[in-house]
Every structure is written in C-alpha cells, then in structure tokens.
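These notes are about the structure you will find just below.
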Amino acid sequence: MASAARAEAVGPQTTSRPLRAWQQAALDRYEEDSPKDFLVTATPGAGKTTFALTLAARRLSRREVARVIVVCPTDHLRLQWAEAADRMGIVLDPNLTNAVGPVRAGTQGYVTTYAQVAGKPMLHAARATAVKTLVILDEVHHAGDGLSWGEAVEEAYGRAARRLCLTGTPFRTKPDERIPFVRYEEDSFEGDDGEGGIGLVSRADYTYGYKEALADNVVRPVVFAAYTGTSRWRNSAGEVVAASLSEAGTRSVEMQAWRTALDPKGQWVPHVIAAMDDRITHLRENGMPDAAGLVLASDQDDARAYAKIVRRVTGKAAEVILSDDPKASKKIERFATGSARIAVCVRMISEGVDVPRAAVLAWMTSYRTPLFFAQAVGRVVRSRAPHESATVFLPAVRPLLTLAASMEEQRNHVMPPPKTVQGDELDLEPLPPKEKDPNTVKQWEALEADARFAHVLHGGTAHTGEGRPPVVQPEDEDFLGIPGLLTAEQTAELLAKRDDELRLRIAQRAHSEDDDAGLFPVEDHPDEDDTGRSWRDAAELRREINRLVSRVAARTAQPHAVVHTQLRQSVPGPPSASASVDVLRARRERLRTML
C-alpha cells in the first residue's frame with residue numbers, strides 16, 4: 001500500500017530542491033517540443049539525474065507514460081538511480097533481472113544496465129511496450145560500445161513511447177559507431193593532424209557545457225598539477241633505458257617511461273600520493289572537513305599495491321574498490337558518506353558515481369581516452385559550496401596534457417570519416433598490457449622512477465613557477481588558494497615549494513615497512529533504514545521468505561520446492577521474484593504460521 005500511495009503522490013512538487021537554471025530551461029525546451037527522442041548533453045556533475053527524474057515525474061503525473069525504465073552502465077548506478085527516484089516519489093526496482101519476466105507490481109518501472117539489455121533485448125522490448133514507457137538512457141554513449149550493445153538497445157527500445165538520452169561526454173573515439181536514437185548531421189571535420197574532410201556531428205536538443213556550469217558555480221574549477229620524473233627500465237633486449245616523462249622522445253619511449261612511473265615499486269607513485277594527501281589535509285583544515293581523494297589504477301594488482309603505499313605514506317588505510325568485488329557498491333556508498341581519506345579503484349568510480357566530497361584525483365592509470373578522462377575528472381568537479389576547487393595530479397605525458405588542455409573546450413560528438421589509424425590517434429588507446437612470458441623470462445622490467453613537480457596547466461599553458469620572486473609569504477599562502485586569488489604562476493610556485501617539502505617526507509618513509517595485517521579491515525555497518533522503499537522491502541522479504549522456507553522444509557522433511565508450491569497455493573500470485581510487497585508480506589506471515 002505504501003508503494004501505491006507514493007505512486008499517487010508523484011509530481012513535479014516531489015523535487016527535493018529547486019531546479020537549477022539549466023535544468024528548468026531543458027525541461028521548458030522539452031515541454032515546448034514534446035518529442036519522442038530528446039538528447040541532453042551536460043557536463044559531469046551538472047545534475048542530469050535530477051533533470052531526468054523531474055521530467056519522468058511530470059510525465060507520470062500527467063499519465064503521458066505509465067512506466068519508467070532507466071538504463072545505466074553499472075550495477076552500482078542502478079542502486080544510485082533507484083535511491084534518487086525514491087527521494088522524488090518514483091518507485092524503480094533496481095533488482096529486476098533478466099530471469100524475471102514481468103515488472104513487479106507496486107513499482108513504476110525499473111533500472112537495468114546496458115549489459116542486461118544486450119543479454120535479452122526482446123524481454124526488455126516487451127517490458128517497454130506493454131504500457132506507455134519513458135526510457136532514460138543514462139550515459140547513452142555506452143550504446144556505441146560495440147555493435148552488439150548498440151543493436152540490442154535499438155531492438156529493445158525502438159518502439160518505446162518516449163526516449164530521453166543523457167550524456168556528459170559528447171564524443172566518440174571510434175568513427176564507425178553510431179549511437180541509436182541520436183540525430184546526426186554532416187559537418188566539416190578537421191583532425192589533430194591537420195587533415196580534414198566531411199564527417200558526422202551529433203545534435204543535442206539541449207547542451208550544458210563545463211564552462212557554463214563553472215560560471216553557474218555548479219562545478220568546481222580544476223587545477224591540473226603535472227608531475228614529471230626520470231624512469232629507468234630494462235627492455236626485451238636486456239638494455240637499460242632511462243627517459244624523462246615530460247621529455248621522452250618517441251612514442252614508444254614515452255609509453256615505457258609512463259608505464260615505469262606507474263610501477264608500485266618506484267618512487268613516482270608514493271611521491272604523488274604524498275602530494276595528494278597534503279592537498280586533502282589542506283582542504284580538511286580550510287572549509288572541507290570531509291574532503292577525500294580518488295586514486296585511479298590500471299588493474300587490480302596495481303590497485304592493491306597502491307593501497308599499501310597509501311597506508312605507508314599517509315598512515316591511513318585506503319578503501320579498495322574493485323569491479324569484481326561483490327561488496328563494491330557498498331564500499332562506494334560507505335566511502336561517499338564516510339570519512340575515509342582516499343579510495344583506490346580501477347574503473348568503479350570512473351563514471352556517474354556520485355561522491356561529492358571527493359575533490360582530489362590522482363591519475364595512476366594507463367587509460368587515456370577522451371571519454372574516460374572526462375568522466376574520471378567529472379568525479380571530483382561536483383560543487384557543494386562556493387569557492388571549492390578540484391585538483392588532478394597526473395603524469396606529465398603528452399596524451400594526458402593534451403586532454404587536460406582541451407577539458408574546457410565544447411565538443412560535439414564528431415565522427416570523422418573512417419581512415420587508417422596512425423600517428424597521434426594511437427594516443428587514444430590504453431597502454432599495452434604487461435608482458436608475460438610462458439618461460440618466466442622477463443621481457444620488460446621496470447627498475448625505478450622518481451617524481452618531481454613539473455607545472456600547473458592553466459588555459460592550455462604550462463606554468464612552472466621557476467625564475468619568479470617569492471610573491472606569496474608562507475604565513476599568508478592559501479594552498480592552491482580560492483580561485484582568483486592566486487595566479488597560475490603563484491599556484492605553480494606553491495606546488496613546487498610543497499613538492500620540495502614532500503621529498504623529505506618520502507625519503508624518511510621510503511624504506512619503512514608497516515605490518516599489512518588489518519590493511520583492509522572488514523567493518524560492520526548498521527543496515528540502512530529501508531522504511532518506505534518498496535524495492536528494498538521486497539529484496540529483504542524475499543530473503544526472509546527463503547529462510548523461512550528452509551526452516552519449514554527442515555521441520556516437515558519436505559523438499560524446498562514442495563514448500564514453495566504450497567506457499568503459492570495458499571497465497572496466490574506471481575513467483576516471489578516478481579511478486580508485490582503485499583504478496584510477499586502475506587507469504588511471510590503464512591510461513592510463520594507453518595512453524
């Protein structure tokens with residue numbers, strides 16, 4: 001009954017806070033056109049979820065649609081969408097699987113992933129056409145991740161009543177993948193190599209870029225602090241090679257220098273983690289008491305190794321969030337609402353995940369596509385109060401500096417004509433995987449790497465702070481300052497000074513070995529209050545029913561299947577996986593009488 005009551009209350013008045021100007025403008029544009037398809041491009045952190053759910057609430061209250069389906073990239077985002085919808089009075093089930101046919105009674109829809117849609121597109125098509133449905137395709141560029149996903153999304157939702165597409169990254173790296181439900185037009189194209197031609201450009205129905213969001217104080221300004229250093233490695237021929245990150249000559253040497261710098265056994269990683277920790281400490285002492293940082297690793301082995309370095313350098317354990325960890329979603333939620341200083345992850349927090357207190361990012365991954373870069377940086381730009389700023393520590397390598405320099409550039413989804421991949425286009429792919437030899441002979445070996453501050457990137461220009469008089473006194477300096485108080489040169493000067501101080505700290509701790517016991521403690525956390533959240537109620541009721549069925553089966557010496565059959569005969573309705581909360585509660589009470 002609670003679900004039904006909330007369903008009746010759905011409407012625009014359920015928005016928990018006033019809409020931002022861009023959200024209201026986008027809604028007005030939608031109301032004017034009332035289109036079947038609508039594409040919104042908004043910078044990460046701008047509030048696409050609130051906009052989409054407000055639009056959905058209005059469509060439901062006016063009975064223009066009877067169901068809402070949200071498609072998102074990851075399982076954790078399913079929970080995040082369901083939580084946000086619940087706060088607005090919309091009941092979306094994040095636990096509906098492909099094994100369950102109908103949408104559960106008592107809900108107004110569900111949240112699924114692109115992978116699930118690709119698994120059974122016809123099932124999702126049936127759900128989307130059973131009643132008038134609004135389909136929200138979150139981060140719709142994922143529908144271009146391979147032909148199978150794009151085709152599945154088109155097959156599943158091609159006949160839906162309405163479709164709302166959202167993205168924070170209006171571009172693709174591959175020229176031959178069109179995204180379903182996106183409108184394209186011919187446009188002249190000019191690549192980084194100077195070659196041009198006629199390509200295709202997407203046309204969003206509403207665009208809200210990083211510059212506009214920055215002017216509205218919706219997102220934080222970003223300071224990119226680049227760190228260079230000398231890397232030494234042994235190549236497959238047994239030769240020892242040394243190169244600077246910022247001055248590596250050929251692309252191959254640059255890649256190997258970068259790869260060596262990211263090796264946990266070197267000194268580049270602990271030095272940058274110390275700089276990151278210093279920044280977090282400053283933020284916590286100056287207006288952001290819960291400030292936190294994210295470390296992005298290339299793989300799980302590196303993530304675990306980086307976590308040990310965090311513990312050694314900072315004295316605090318890091319939250320380690322891995323994609324194949326069944327507790328990953330709970331760890332993200334715990335980190336987002338807790339007090340831990342640093343989380344180390346591979347890709348789990350790269351897109352869509354809301355951690356507003358994260359204001360510092362350490363780029364220790366080999367990924368360097370524009371898509372991943374924009375989404376990852378987007379995790380630390382969400383503004384909560386005026387005068388906040390974000391800091392990104394990254395290797396001083398050309399591909400990343402190029403992406404950082406173009407961060408504020410408004411770019412449409414440009415698809416150039418297909419051509420042979422060569423030259424700078426190779427910079428859009430991840431670094432090659434670590435080489436393994438079946439005979440255990442090392443083909444490549446990282447030897448050592450140091451780190452030192454290189455420059456601050458501001459307006460596409462590198463500012464080193466060298467050769468300038470000391471314009472900022474130690475007692476007056478505000479580390480990285482309130483935006484606008486310090487020039488880029490002064491900011492670079494402060495970072496260089498802090499970098500010198502960090503060298504002493506790293507040297508003192510470089511050879512210390514802490515006991516790793518308890519590095520990743522398992523903590524007990526009280527269950528969240530599920531009152532009023534029907535999809536949470538249903539999940540808990542199903543677990544309780546299964547426990548009670550086991551007890552009844554043990555007591556009566558009957559198979560579990562027989563007990564389930566008897567239960568459905570006593571309390572008619574669909575299987576538990578798709579039964580409403582009221583039916584599940586009745587079955588629970590029936591089982592209790594059988595004990």
Side-chain angles (χ1 to χ4, degrees), residues 20-23 40-51 73 77 80 138-139 141 166-171 207-226 276 279-280 282-284 286-288 290-296 332 335-336 342-343 345 347-363 365 367-394 400-401 403-411 456-460 479-484 488 491:
R20 291 168 175 163
W22 83 263
Q23 294 167 336
V40 171
T41 296
T43 189
K48 293 185 291 294
T49 300
T50 298
F51 160 75
L77 290 179
Q80 192 166 292
D138 184 28
E139 305 296 355
H141 51 262
L166 308 173
T167 183
T169 49
F171 50 82
T207 300
Y208 186 65
Y210 177 74
K211 289 182 179 180
E212 291 82 1
L214 192 60
D216 293 342
N217 292 320
V218 171
V219 296
R220 301 164 178 149
V222 181
V223 175
F224 290 100
M276 175 190 194
R279 176 61 175 152
I280 294 172
H282 173 82
L283 290 173
R284 290 193 169 203
N286 293 271
M288 285 186 67
D290 62 345
L294 304 174
V295 176
L296 297 184
I332 293 175
F335 181 74
I342 296 175
C345 55
R347 294 183 68 101
M348 285 297 294
I349 309 186
S350 64
E351 184 171 68
V353 176
D354 188 10
V355 188
R357 71 187 189 93
V360 185
L361 176 70
W363 193 277
T365 174
Y367 289 101
R368 66 290 191 48
T369 65
L371 172 62
F372 187 81
F373 188 85
Q375 289 290 354
V377 173
R379 297 315 99 213
V380 296
V381 300
R382 185 184 298 272
S383 180
R384 299 182 299 176
H387 308 308
E388 289 185 349
S389 63
T391 309
V392 176
F393 296 88
L394 73 167
L400 293 182
L401 296 179
L403 292 175
S406 63
M407 176 82 184
E408 297 182 5
E409 180 182 352
Q410 298 296 324
R411 297 168 65 180
V456 166
L457 192 67
H458 179 75
F479 182 31
L480 295 190
I482 297 175
T491 299

* Asked: How close do Thr167 and Glu139 get, heavy atom to heavy atom, and via which atoms?
  -> CA-OE1, 3.8 Å
* Are the side chain of Arg20 and the backbone of Phe51 linked by a donor-acceptor contact shorter than 3.5 Å? -> no
* Asked: Ala213: what forms a side chain to side chain contact (heavy atoms under 4.5 Å, CB included) with it, not counting sequence neighbours?
  -> Thr43, Tyr208, Val218, Val219
* Hey, does the side chain of Glu212 reach the backbone of Gly209 with a donor-acceptor pair shorter than 3.5 angstrom? -> yes
* Structure fact -> Closest non-hydrogen contact found for Thr391 with Phe393 is CG2-CE1, 3.6 Å
* **CD1 on Ile280 to CD1 on Ile342, rounded to 0.5 Å** => 4.5 Å
* Structure fact -> Rounded to the nearest 0.5 Å, the CG atom of Leu361 sits from the CG atom of Leu394 at a distance of 9.0 Å
* Asked: When rounded to the nearest 0.5 angstrom, what is the spacing between CZ in Arg357 and CZ in Arg284?
  -> 6.0 Å
* Exercise: identify the closest heavy-atom pair between Pro44 and Gly168 -> CD-O, 3.5 Å
* Measure the shortest side-chain to side-chain distance between Asp290 and Arg384 over non-hydrogen atoms and say whether it is less than 4.5 angstrom. => yes
* Asked: Do Gln23 side-chain atoms and Gly47 backbone N/O form a donor-acceptor pair below 3.5 Å?
  -> yes
* Does any non-hydrogen side-chain atom of Phe224 lie less than 4.5 Å from one of Leu403? -> no
* Asked: Would you say the side-chain atoms of Arg379 pair up with the backbone N or O of Ala358, donor to acceptor, closer than 3.5 Å?
  -> no
* Please report the C-alpha distance between Phe372 and Leu296 in whole Å, then the side-chain angles of each, then the deciding distance to 0.1 Å, and finally whether the side-chain contact (heavy atoms from CB on, under 4.5 Å) criterion is met. => CA-CA 11 Å; Phe372 187 81; Leu296 297 184; 4.2 Å; yes
* Asked: Hey, what do you get for OG (Ser383) to CZ (Arg220), rounding to the nearest 0.5 Å?
  -> 6.0 Å
* Side-chain contact, heavy-atom cut-off 4.5 Å: Trp22 with Val40? -> yes
* To do: Look at the side chain of Arg382 and the backbone N and O of Pro356, then say whether any donor-acceptor pair between them is shorter than 3.5 Å.
  => no
* Check: Val295 and Cys345 side chains under 4.5 Å, non-hydrogen atoms -> no
* To do: Grab the two heavy atoms, one from Ala292 and one from Phe335, that are nearest each other, plus how far apart they are.
  => CB-CZ, 3.7 Å
* Structure fact -> Residues at least two apart in sequence or cross-chain that pass side chain to side chain contact (heavy atoms under 4.5 Å, CB included) with Ala336, listed by chain then number, are Val355
